[in-house]
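Here is how names work: the chains are called A, B, and so on, in the same order as the sequence lines, proteins then strands, and each is numbered from 1.
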Amino acid sequence: MAGESTDRVVDEDNGSGHDKDNDNDTLKYQLLGPSLTKAGQDAVDQQKVSEIIYNASKGSKFFNHEQERDRNQTLKIERIAAEKVRLEKLDLSYDLRRADEYLAELELTRDLSQYVIHVDCDAFFAAVEELDRPELKTVPMAVGKGVLTTCNYVARKFGIRSGMASFVAKKLCPQLVLLPSNYEKYTAKATEIRKILAQYDPLFESASCDEAYLNITAYCDENQMDPEDAVQSLRSEVLENTKISVSAGIAPNAKIAKISSNINKPNGQFRVANERTAVMEFMQSLPCRKVNGIGRVFERELDSIGIKTCGDIYPHRAVLTKLFGEKAFQFLAQCYLGLGRTNIEPVETHERKSVSTETTFHEIGDKEELRAKLRWAAEEMEKDLTRTQFKGRTLCLKVKLHTFEVLTRQTAPPRAVSQAKDLYTYALPMLIKLEKEIPGMKLRLLGLRCSNLVTTKKTGLNFFGFTTQPKPPTVELPEPNKEHEIGAEEAFEAAARQEVQDEMNDLEQLSQEAVIPGPSAPTIETGPVEEPPAQWECPICSKPQVADDRGFNDHVDFCLSRQTIREATQDTHSVVDEPSLAIAASRKRKPVNTGGQEDPRQKRLFFR
DNA sequence: ATGACGTCG
DNA sequence: AAAACGACGTCAT
């Protein structure tokens, strides 16, 4: 049973001292995973499921990390609840009036003229697999390796959900069939489905592989059709032609359509009429958690002040800004009123903000192995950047420690980067810094992300009728050279331990070869983008740097090789500079906000 | 700007 | 024994 509240190592990092025994309840709820609200779980005994998950997890590093998070969240919501009590003793008439004014203002923006629908495939990945192997329809089955991405409805009866660790799922249902995911197959199927969706709204918006928003107002007009009939026909058309069942929500805006598509899942639809009363009524009893954007954490925080449904927001409107911030208040106000966006547009019109790659692996502490992982990530990243036709002005390294703690470090190279060699060159110093900050660092994940993107697409060149050749922008090196480059990169670190001079020569050669060669680009380099010569400082020695006219700078390579040598020769006897030590020491002590400090409340903002 | 964190599918 | 990945967004500093 749930008796013991685990043996807490209570040391000085816990200023508040006290610890509720019922912490386990929230923790267990947390462990149930993020998709508790998904369909197919209604008949499941969640108590029992939660016990099993808890027992399967107990003591693991993952569990300990979740426990830590849960503790912090609990502290935070205690502060929120206490603050709310304090606020309510004050005169809130000003806040009340402001809230009401905002609500009135929002009300004027209400648009009930559009039919927006959200289409959602039922257990999509699992359904696609079942097409190939119909015998799986009757047995519990899930897709995904370490973590499940989807499971069929038979599996859901056992309490299995997407996002669940597969070994936990096996505990809940030993006969569960696990399939590896096959994204090509799923995207191919998704393309078939989208072809049909396009007939109903050519400007539909793919929200993900298996979801889409459509505005069918025009379609209904032109065909003199009721939206429900239109969606009925859309769904049967999809089912007949692709053998995939989909559910749909029909509503005056995207927010409500999204919620509605879940209501009669699987293979069903639900409509909220385009009338104010229908909308208000629908929201009134709707649990906040169902709204896209309110997750497990915010749900708990809202619950702690007595808000469970969207209707509960109204009576609390006067304190929301002070407790959660202006943006959160505005978002909640829209939830209460059931407002949402009505303009649906193709996802291609959105500009991408970042490109990233990351992988999880067995715990690694060995420095060489970590570099190999970083190199691999850099290569993956280069592929992704090539495919998406971007370079990154800023580069971010992400690691997850063996404790599941996640850290990120970012840097702004002197020029936008896209080649594996450069990605590696600029990421490695960040990794090295982390290794210094965290003695004995062991990782279970490593990833890279590029943001501040610069497009390498050759756009706008065809106003004289020139067809833009869709040639991939990276034409730098013939294949064999790439191999050589990687090999040399390995050699780099090894050689660094021996002779600086020789190494520098090698590096110079490498740089000459690897850096963007002007002549091989026949057309204008990268169309419209004019990269400003960023000012930048070396992540190792912090000296200000200037990029040369090829866009790069050998200083980092140089500094890096010195660094590597120092590490190799003096490793045990630490030359580690004091600041790093200070950071390392302070890391573990969480910023326990001491008494006098006011208002540590976290604010959040949602889209739009 | 940078890093932590929340959220979604 | 064992808990993903990629993308987006905020906030505090």
Side-chain angles (χ1 to χ4, degrees), chain A residues 30-31 33-35 37-38 53 56-57 59-66 69 72-73 76 120-121 123-125 143-150 161-171 180-181 183 186 206-212 258 262 289 291-301 324-328 331 347 350-363 380-381 384 388 393-400 404-412 430 434 444-445 447-453 534 536 587 590-591 593 599-608:
Chain A
Q30 198 78 3
L31 286 168
S35 58
T37 60
K38 297 296 180 239
I53 297 177
S57 310
S60 68
K61 289 177 175 175
F62 175 78
F63 178 91
N64 292 338
H65 184 251
E66 288 298 299
R69 277 176 33 151
N72 291 334
Q73 275 171 30
K76 189 165 143 204
D120 196 345
C121 302
F124 185 53
F125 295 174
V143 177
K145 275 262 143 62
V147 157
L148 311 183
T149 63
T150 331
R161 281 181 293 268
S162 60
M164 184 175 275
S166 46
F167 80 95
V168 173
K170 280 280 189 183
K171 278 248 159 59
S181 45
Y183 286 97
Y186 311 144
S206 301
S208 71
C209 185
D210 68 334
E211 280 179 49
K258 164 81 179 160
N262 239 313
R289 182 66 160 84
V291 178
N292 217 314
I294 299 182
R296 286 183 287 177
V297 173
F298 201 17
E299 177 191 35
R300 269 187 73 185
E301 293 176 4
F324 302 114
E326 184 64 20
K327 296 300 176 72
F331 177 78
V347 69
H350 305 161
E351 59 164 334
R352 183 193 277 271
K353 299 288 200 309
S354 69
V355 177
S356 70
T357 178
E358 67 187 52
T359 48
T360 296
F361 36 74
H362 65 277
E363 284 176 16
E380 285 304 296
M381 192 66 176
D384 290 349
T388 55
R393 274 207 185 81
T394 85
L395 175 64
C396 175
L397 174 75
K398 169 176 172 179
V399 301
K400 194 185 283 183
F404 284 85
E405 189 179 358
V406 175
L407 304 174
T408 59
R409 292 294 180 270
Q410 84 182 50
T411 185
M430 297 191 276
L434 283 171
R444 73 183 325 278
L445 173 148
L448 291 175
R449 181 173 70 247
C450 280
S451 51
N452 251 308
L453 299 180
W536 187 77
R587 276 191 67 262
K590 291 282 171 171
N593 237 327
D599 199 273
R601 283 180 323 249
Q602 203 156 300
K603 303 184 174 114
R604 56 185 79 52
L605 164 60
F606 302 93
F607 22 84
R608 264 141 237 263

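Phosphate contact (OP1/OP2 of dC5(B), side-chain N/O of N72(A), threshold under 4.0 Å): absent. Distances shown here put every side-chain N or O of T359(A) at or beyond 4.0 Å from the OP1 or OP2 atom of dC5(C). Applying the 4.0 Å criterion to OP1 and OP2 of dG6(B), one finds that R296(A) has every side-chain N and O outside that range. The shortest distance between the side-chain N/O atoms of S356(A) and the OP1/OP2 oxygens of dA7(C) is below 4.0 Å. For the pair R449(A) and dC8(C), the criterion of a side-chain N or O lying under 4.0 Å from OP1 or OP2 is not met. Between S354(A) and dA7(C) there is no side-chain polar atom (N or O) within less than 4.0 angstrom of OP1 or OP2. The shortest distance between the side-chain N/O atoms of T360(A) and the OP1/OP2 oxygens of dC5(C) is below 4.0 Å.
Using a 4.5 Å heavy-atom threshold, the side chains of L31(A) and F62(A) count as touching.
To the nearest angstrom, P of dA1(C) lies 14 Å from CG of N64(A). Between the CG atom of L395(A) and the P atom of dT2(B) there is a distance of 11 Å, given to the nearest Å. If you measure from atom CD of E358(A) to atom C1' of dC8(C), you get 14 Å, rounded to the nearest angstrom. Here dC8(B) presents its C1' atom at 16 Å from CZ of R161(A), a figure rounded to the nearest Å. Remark: C1' of dT10(C) and CZ of F298(A) are 12 Å apart, rounded to the nearest angstrom. Here the C1' atom of nucleotide dA4(C) and the CZ atom of F404(A) are 11 Å apart, to the nearest Å. Between the CG atom of D210(A) and the C1' atom of dC5(C) there is a distance of 15 Å, given to the nearest Å. Rounded to whole Å, the distance from NE2 on H65(A) to C1' on dG6(B) is 13 Å.
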Pair E380(A)-T359(A), side chain to side chain contact (heavy atoms under 4.5 Å, CB included): steps then yes or no: CA-CA 10 Å; E380(A) 285 304 296; T359(A) 48; over 6 Å; no
Candidate pair D210(A) and Y186(A), rule side chain to side chain contact (heavy atoms under 4.5 Å, CB included), full reasoning: CA-CA 9 Å; D210(A) 68 334; Y186(A) 311 144; over 6 Å; no
E363(A)/K61(A) under side chain to side chain contact (heavy atoms under 4.5 Å, CB included): CA gap, chis, key distance, verdict: CA-CA 12 Å; E363(A) 284 176 16; K61(A) 289 177 175 175; 2.7 Å; yes
Verdict with reasoning, Q30(A) to Q73(A), per side chain to side chain contact (heavy atoms under 4.5 Å, CB included): CA-CA 11 Å; Q30(A) 198 78 3; Q73(A) 275 171 30; 4.0 Å; yes
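Nearest-nucleotide mapping onto DNA chain B: of R69(A) and T394(A), the residue sitting toward the 5' end is T394(A). Map V355(A) and A56(A) each onto its nearest nucleotide of DNA chain C; the residue landing nearer the 5' end is A56(A). Where T388(A) and F62(A) meet DNA chain C, the nucleotide closest to each residue was compared, and F62(A) sits on the side nearer the 5' end. Looking at which nucleotide of DNA chain B each of S208(A) and Q73(A) is closest to, the 5′-most match is held by Q73(A).
Closest to the side chain of K353(A), from the set dG6(B), dC8(C), dA4(C), is dC8(C). Side chain of F167(A), nearest nucleotide from dA2(C), dA7(C), dG9(B): dA2(C). The side chain of R352(A) lies closest to dA7(C) when the candidates are dA7(C), dG3(B), dG9(B).
In this structure, L445(A) reaches the sugar-phosphate backbone alone: every heavy-atom distance under 4.0 Å involves primed, P, OP1 or OP2 atoms, never a base. Using a 4.0 Å heavy-atom criterion, one finds that T150(A) contacts no nucleic acid atom at all. Counting any heavy atom pair closer than 4.0 Å across all strands shown, V143(A) reaches no nucleic acid atom. Among the atoms of the strands shown, only primed sugar atoms or phosphate atoms (P, OP1, OP2) are found under 4.0 Å from some heavy atom of E211(A).
Interatomic distance, CZ of R69(A) versus CG of N72(A), reported as 9.5 Å (0.5 Å rounding).
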